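Each remark here refers to the structure printed beneath this line.
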Amino acid sequence: MKRFLILLLVVAIAITFSFVGCAAEEPAAEEPAEEAPAEEPAEEAAEEPAAEEPAEEAPAEEAAEGEVFSLEDIPEIENKSTLNTIVETGSIFDETLPYIEKFTEKTGVEVNIERIATPVVYSKENVELVAGTGVYDVVYVETAWTDEWAKYMVPLADLAAEYGSVEEFEMDAAYHSPVIMETCKTDGAIMTLPFYSYHTGMFLRDDIYEDPTEQANFLEEYGYELAPPVNNEQLTDQAEFFTRSAGEELKGVPLEKDMNGITMQASAYQANDEFSTYLWGNGGDYVDVIKDDSGAVTEYVITKENTDLMVQTMEEYVGRVQYASPGVLTANFDFVIAAVSQGDTPIVGMMYGNCFAWAVDELNQNVVPNDPDARLGIYPPIGKGPYTGAWSFGVAAASDNQEAAYWLVRYLASLEAQTAVMKEAGQLATRSDVLDDPIWYTEENQYPLGMLVDYLNDIWNNQDYIDTIANAYYFNSESAGKVTEMHMNTLSKGFSGELSPEACIESVNRQMLDLVERHDSIPIRVEE
Amino acid sequence: MSTTKNDDVTINNVDLGRKPSVWEVLSSEKYFKWMLIIPLLLVLLVFMIYPLIYSIFNSFFDADLSGRVAVGLKNYKDMLRDTDFWIPLRRTAVVTVVCIVSEILIGLGIATLWNRNFKGENVIRGLILLPLLVAPLILSIVWNFLLEYDIGFINQFLAAIGIGRVKWWAPSGALFTICGITVWQWFPFSASVLLAGLKSLPKDTFEAAQVDGAKGWQVFRKLTLPMLTPLIMIIVLLRTMWLIRLFDPLYGTTRGAVNTELLDWMVYRTSFVYFDVGYGSTLAIMSLYLTIIIAALMYRQLIKALDASK
């Protein structure tokens, strides 16, 4: 018996020591870089004209002339080892999983999918990527993280050269929104391919805006026509105009409950997206991104002009909070959608475009039975600088099956998978050929999907906006992942009044200096 | 007494007449007892001592995931000068005091009611214990929805009965909403512990007090409360340690906004959002020191209370 116990103890000790070994092991941060140097391929890709030019010169129309990549185009994959990836929880991947199973059927490569809540995707993936564990073969990337994680991923053109055709890859990549593709590149090299988008927009109750009584009353009170607001003054005026108590009239009918002029998401969850939208709309950014003649970022500068614009944007935002529900201070997108779709507000100043169909569906269930005219519209947010959001996929440098990972990324961004994203999962595809499908303009789909498609096409064809995104701090920075989290936290303190606008922006600037100095290879300075 | 002498070839007082094998040495009484606790010690070493020492080590470095540079006591100096540290620390103290006082008062009240026989008592006890059985994060997310201003059930209910909506998450009151959620989840713990205490109180002492003419409040103040003091001290001790590390209700509701950032949220934000591991470790170690100091002080009080109750 004793011998058996001793044997058991020896095994336990061995296991424990193996834990010690694991825990004590230094993160192999250098290894992935050594195995697949991130810098070099990126530079090579940037130097190699073939990597850049076709993407710029081959618009979707030209690309459409070629064969569209599909599952059948994936060649025999030699490396059959299982792929691992991480994605968000949520219905979109419920609908996408069958397509990943199709990939497995076709290639014989199993795919393990870890699903976790969106707020923890960044920290979980970041630890694994920095440590070079290779746990995730396929990296799930939000647009603001591309540059930060570029050194842990392989430029997709390099993989295309090794496992397929660069020309075909770039031709297929050209189908995606040019705006989103700007966020998928680092130093000109495509690091990820987008999967679904959440470009933001402004949601308005069209039926209220078009009501003759409301239009006449507004004209009388404010001296100009009631129409979708195009500047901050108009947005605030309209938020004030529509703030009403129960018993007051809306469209000539007494309200049964209070109505808030506007709703916002001022919580510490995604407050930065809303602020970014208004800040970009005002013509500012968190810092100026300085580039050299080759387009490489050389410096970030905290300018007086941007600081003033941030304070101004914060003041405008706080000025509108008084016309919003007190709940906005802790509201996320779900509460905002609930507010508009239950008839509690006619204006959502900024909301993710992929929530539009959901909001319409909810409005149809909650408000339309009592008000058959109730209808939502989607418009550009003030200043036409919507937050550019997309989730995309890249291939980890530390992956031991980059071949299969590459083809999975290609497939997830393909016409077939993206069509499923829009038709089955109800999210917004990033491919022009999906958006060009006439199905969105049928009588059944025109509202809301046709409207959404028109809105996205408008954004994607706006060159000013494309230039803004190409030069925005979030999409030209290795430190953006950390900074966005700081922005969520600190900006929400400004929205709620915990910090004054000046103190809030001063805190944002101070923390940006610290975070950028700590986490970015590009220097930052304050303008003298 | 066992002895193991490789040269004398005796083991457990038995002369083997040869050199003992490894098995025989390890199974001797002298070493076997150590063999039994070594796995536990190793587990403690790996999962408790090592991370703790590693955190203390990191607190002397400017560290992130990619590397570290020694900075001596800079992180500690920065912390003491950082208003972003003192404000959450003060809030943590407020939350700790408010929650503990509320939980003990409510718990004592509930335990007193429970300490009677009534129909359906087991069902009611089971229901009251339910919040303790659910993950705090899930509960806080549910409360976030229930307390939402426009669509939250509680406000809709209050509006329906004419009271009107309450700004549960207004900057002036959000911290107390967090306290409310925490108290709601944890008062059953106090109630359960205090009920056990009430059940174990000596009946003859109370009967004697009644004979002497003591009234309800006098009995409670002079007898019940002193006898329950050691248990109350245990609750205070445990809850203080847990409340200093309060995190879940923030994650599920305000995420540290609207004047609710507490010490552990700051540790999380610094370490796992900004990945400023050095400063985050410093904050975590400070949280640990505070917990140890407060726990040690309370432990002394607990021992005194136990001595007094003997």
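Atom set for the values below is all heavy atoms of this structure, side chains included, hydrogens, waters and symmetry mates excluded. Labels below follow one simple rule: chain letters A, B, ... track the order of the sequence lines, proteins then strands, and each chain is numbered from 1. The structure displayed is predicted, hence computed values, not measured ones.
Summarising the local packing, NZ of Lys257(A) is surrounded by more than 12 heavy atoms from other residues, nucleotides or ligands at distances under 6.0 Å.
Partners of Glu478(A) under the salt bridge (charged side-chain N to carboxylate O under 4.0 Å, His left out) rule, at least two apart in sequence or in another chain, are Lys151(A).
Of the atoms belonging to Leu515(A), it is side-chain heavy atoms, and not backbone ones, that fall under 4.5 Å from chain B. Contact annotation for Glu498(A): both backbone and side-chain heavy atoms come within less than 4.5 Å of a heavy atom of chain B. Only the side chain of Asp64(B) comes within less than 4.5 Å of a heavy atom in chain A; its backbone stays farther off. Proximity to chain A (any heavy atom under 4.5 Å) is shown, for Asn144(B), by both the backbone and the side chain.
By number of non-hydrogen pairs under 4.5 angstrom with chain A, the leading residue of Asp62(B), Asn155(B), Thr253(B) is Asp62(B). Note on Asn126(A), Val120(A), Asn260(A), Leu329(A): by heavy-atom pairs under 4.5 Å with chain B, the leading option is Asn126(A).
Within residues 245-252 of chain B, the residues approaching chain A closer than 4.5 Å by heavy atoms are, in numerical order, Tyr251(B). Of all residues in residues 175-183 of chain B, none places a non-hydrogen atom less than 4.5 angstrom from a non-hydrogen atom of chain A. Residues of residues 500-514 of chain A lying under 4.5 angstrom from chain B, judged on non-hydrogen atoms, are Gln511(A) in numerical order.
Residues Phe272(B) and Val127(A) form no side-chain contact, since every pair of their non-hydrogen atoms from C-beta on lies 4.5 Å or further apart. Between Pro326(A) and Arg165(B) there is no side-chain heavy-atom pair separated by less than 4.5 Å.
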Fill in: Step-by-step side-chain contact (heavy atoms from CB on, under 4.5 Å) determination, Lys482(A) to Val273(B)
CA-CA 6 Å; Lys482(A) 276 88 176 174; Val273(B) 176; over 6 Å; no
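Scanning all heavy atoms of the two residues, the minimum distance from His519(A) to Tyr274(B) falls at NE2-O, 2.9 Å.
Ion pairing of Glu261(B) with Lys493(A) is present here, as a side-chain N (NZ or NE/NH1/NH2) and a carboxylate O approach within less than 4.0 Å.
If you take CZ on Arg269(B) and CG on Asn489(A), they are separated by 4.0 Å, rounding to the nearest 0.5 Å.
Taking the centre of each ring, Phe335(A) and Phe145(B) come in below the 6.0 Å mark.
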